[in-house]
Protein chains: 2
Amino acid sequence: MSIKTIAEMTGLSITTVSHALNGTRPVSQRSMELINEAAAQINYRPNLAAQMMKTHRSRTVAIIIPATEQNNSTNCFFFDVLNGAKSRLQESGYELIVSTYPESRPQDFFSGMSILHRRWIDGILLVPPTLRYEDIARIEDCGVPVVLVDRWVKGGKLPLVCSNNREVTVEAMKVLYQAGRRRIAFIGADFPNSTAVERYQGYLDVLEELGLPRDELLICRMDAYSMSCGMEAARRVLGAGADAIFAANSMLCLGTVKELQEQGIHVPEQVAVIGFDNYEWTEITNPPLTAVTQNASLMGRTASELLLQLLDGKQPEQRVVRIPAALTIRQSHGL
Amino acid sequence: MSIKTIAEMTGLSITTVSHALNGTRPVSQRSMELINEAAAQINYRPNLAAQMMKTHRSRTVAIIIPATEQNNSTNCFFFDVLNGAKSRLQESGYELIVSTYPESRPQDFFSGMSILHRRWIDGILLVPPTLRYEDIARIEDCGVPVVLVDRWVKGGKLPLVCSNNREVTVEAMKVLYQAGRRRIAFIGADFPNSTAVERYQGYLDVLEELGLPRDELLICRMDAYSMSCGMEAARRVLGAGADAIFAANSMLCLGTVKELQEQGIHVPEQVAVIGFDNYEWTEITNPPLTAVTQNASLMGRTASELLLQLLDGKQPEQRVVRIPAALTIRQSHGL
DNA sequence: TTGTAAGCGTTATCAC
DNA sequence: GTGATAACGCTTACAA
């Protein structure tokens, strides 16, 4: 069942059939009907491989995201990104290929990247593994448009869609300040990626803006997004007399909550807490957690939007799009 | 940069080049060297479209999974399935295309299923939306092997990889029984999918085995995997005097935990709890939650294994593979 | 050990 | 409005 079959069935040429099916040139009413009928009858679906050979387009894009061990909420975040991307791409008839790399081993970034060895992807959505453009430069060898998602890299001029990490961190810090806290600790990751960097920078900036001293003992930057790191970090800053904690990652926040619980510390009376990323479990902590909510799905959708524009040969009006994150106010921040 | 370029560079024929590159026929040492050198020089990568036209294989499979709103742990589960599949497929040089459908609207299953309109997928991994084979029958029109993941359907003889839902439910119930509980409630979903069915069946079976009466007031089957449904269900079974609750889904379990918390009920002294699916937050409930742990990643990996066998023309030795789920014992079950 | 040539299912150019 | 025909880049009989 090919275009040829339809040509034979209708007595028309394959040229006419092709044009009729693609709407690429006027075809008589009568031919159109015949062709549509025949196509329906044999349940015709175009052969993508053949189309690709001629058009050099597959209407397929790849998304490259980090993945960690099972049941980690970071996975959940990137699934939402993926799903947002998928829904937008689907609207334009594009398929989505997934590639993952281990978050903890950025150096393995390219090792499993079989996608890049095949010449048939129209574009790429990429969550970069590090801050260095050089680490992803090879990806541009594919010769297709690339849009960064969630994280930027130093150098390079790739389009980008991400959260306003710095601003929302400042906002969270001010809420803690307004609740009367003056020894606000920062628990984050020491990872070489832009979200970690921006959140940390937001913390430093707001200290200065509020005239608070920078106390290194209140700053804990851990080397993994894990519960145990969160607990360890919480122990340290509590030991340094923190009266509030901003946890810049959901796993670290979870560890923080657990440590507070184990030490029997009252939240927010003794220590206030604001976390990053808003999962279902933030409702069952005692008290319910005030947390930053990112719109992961919209990030994926918007990045796809930019990519589709590039695929259409248009230059997007903005190279960088920030998807606003917002505080979900519950009770752990105090007041 | 094609095989033809290499042929010209080396003075050999495209046939020889093709065979050399694919190892499909002996080639002299000298030719081999020349070809490899030339290939490296022009950074040759085969054109998949052209290969596909000849071989009718794309080395690409699709995975079709449900997706719900953002930040839902069900997404996390299926991401792990996806990631497990991805890692196995990668080992065999296959790419993975993702398609999602809204869990809550099974009737929309095919509406976004653009994959099926394209004739170029080698196989399909499918989490079916309902129990009815008829609802997915059209997928077999693609004419490629299909492997079911996580859920079976009635009728049809498709290979399947899923958890041992019934058995692990029985196991969990027995733990509650051994902790002295006799009024054990079941909170689950009333969804038309096999995981919901099997877990419910496990509950009924074990009641009989243990000689416990079946009390309809202790059974709550809700119509959504949501926290509020979990709370509602918990209210109902608590009202009916439950001394233990088995929550057959993570969101429902979360709601249950919250309701117990709000009512100030002591776990496990007053009411024992065991949940399904083991997320990070199960550690910070008070007390830490005993829960069923599924190996989502292994399910994805094993399903891919079966699919790869089918793609190789082999019939897998078993049509159904059960990936054992196990209890992670913490404290909420009592004793 | 190597080469010639057909053909996969489309699209696109050109001519009628 | 329509049709021949070349071309896309590869695999694979068949031939030497």
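Sequence lines set the chain letters: A, B, ... in the order given, protein chains first and strands last, and positions in each chain run from 1. Treat the numbers as computed from the prediction; the structure is a model and nothing was measured.
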If you look only at distance, which donor and acceptor atoms sit under 3.5 Å apart when one is on a side chain in residues 45-54 of chain A and the other is two or more places apart or in another chain?
| residue | atom | partner | partner atom | Å |
| --- | --- | --- | --- | --- |
| A:Arg45 | NH1 | B:Leu116 | O | 2.4 |
| A:Asn47 | OD1 | A:Ala49 | N | 2.8 |
| A:Asn47 | OD1 | A:Ala50 | N | 3.0 |

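- Distance CZ (A:Arg45) to P (C:dT10): 12 Å, rounded to an integer number of Å.
- Within the 4.5 Å cutoff, no side-chain heavy atoms of A:Val144 are placed close to those of A:Asp122.
- For the pair A:Asp135 and A:Val153, the minimum side-chain heavy-atom distance is 4.5 Å or more.
- Contacts between residues 9-26 of chain A and DNA chain D, defined by a heavy-atom separation under 4.0 Å, are made by A:Gly11, A:Leu12, A:Ser13, A:Thr15, A:Thr16, A:Arg25, A:Pro26.
- Between A:Arg59 and A:Glu95 no salt bridge is recorded (no basic side-chain N to carboxylate O distance below 4.0 Å).
- Salt bridge A:Lys86/A:Glu91: absent, no basic N to carboxylate O contact under 4.0 Å.
- At C:dT2, one or more side-chain N or O atoms of B:Ser28 fall inside 4.0 Å of OP1 or OP2 (strictly under the cut-off).
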Could you write out each protein N or O paired with an N or O of nucleotides 7-9 of chain C at a distance under 3.5 Å?
| residue | atom | partner | partner atom | Å |
| --- | --- | --- | --- | --- |
| C:dG7 | N2 | B:Lys54 | NZ | 2.7 |
| C:dG7 | N3 | B:Lys54 | NZ | 3.1 |

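- As a whole-Å value, the separation of B:Leu34 CG from C:dT2 C1' is 14 Å.
- Ion pairing between A:Lys157 and A:Glu140 fails under the 4.0 Å rule for side-chain N and carboxylate O.
- If you take CE of A:Met52 and C1' of D:dA7, they are 16 Å apart, rounded to a whole angstrom.
- If you check the side chains of B:Arg88 and B:Ser92, you find a donor sitting under 3.5 Å from an acceptor.
- With B:Asp150 contributing its side chain and B:Val127 its backbone, the two residues share no donor-acceptor pair below 3.5 Å.
- If you measure from atom CZ of B:Arg57 to atom P of D:dT12, you get 11 Å, rounded to the nearest angstrom.
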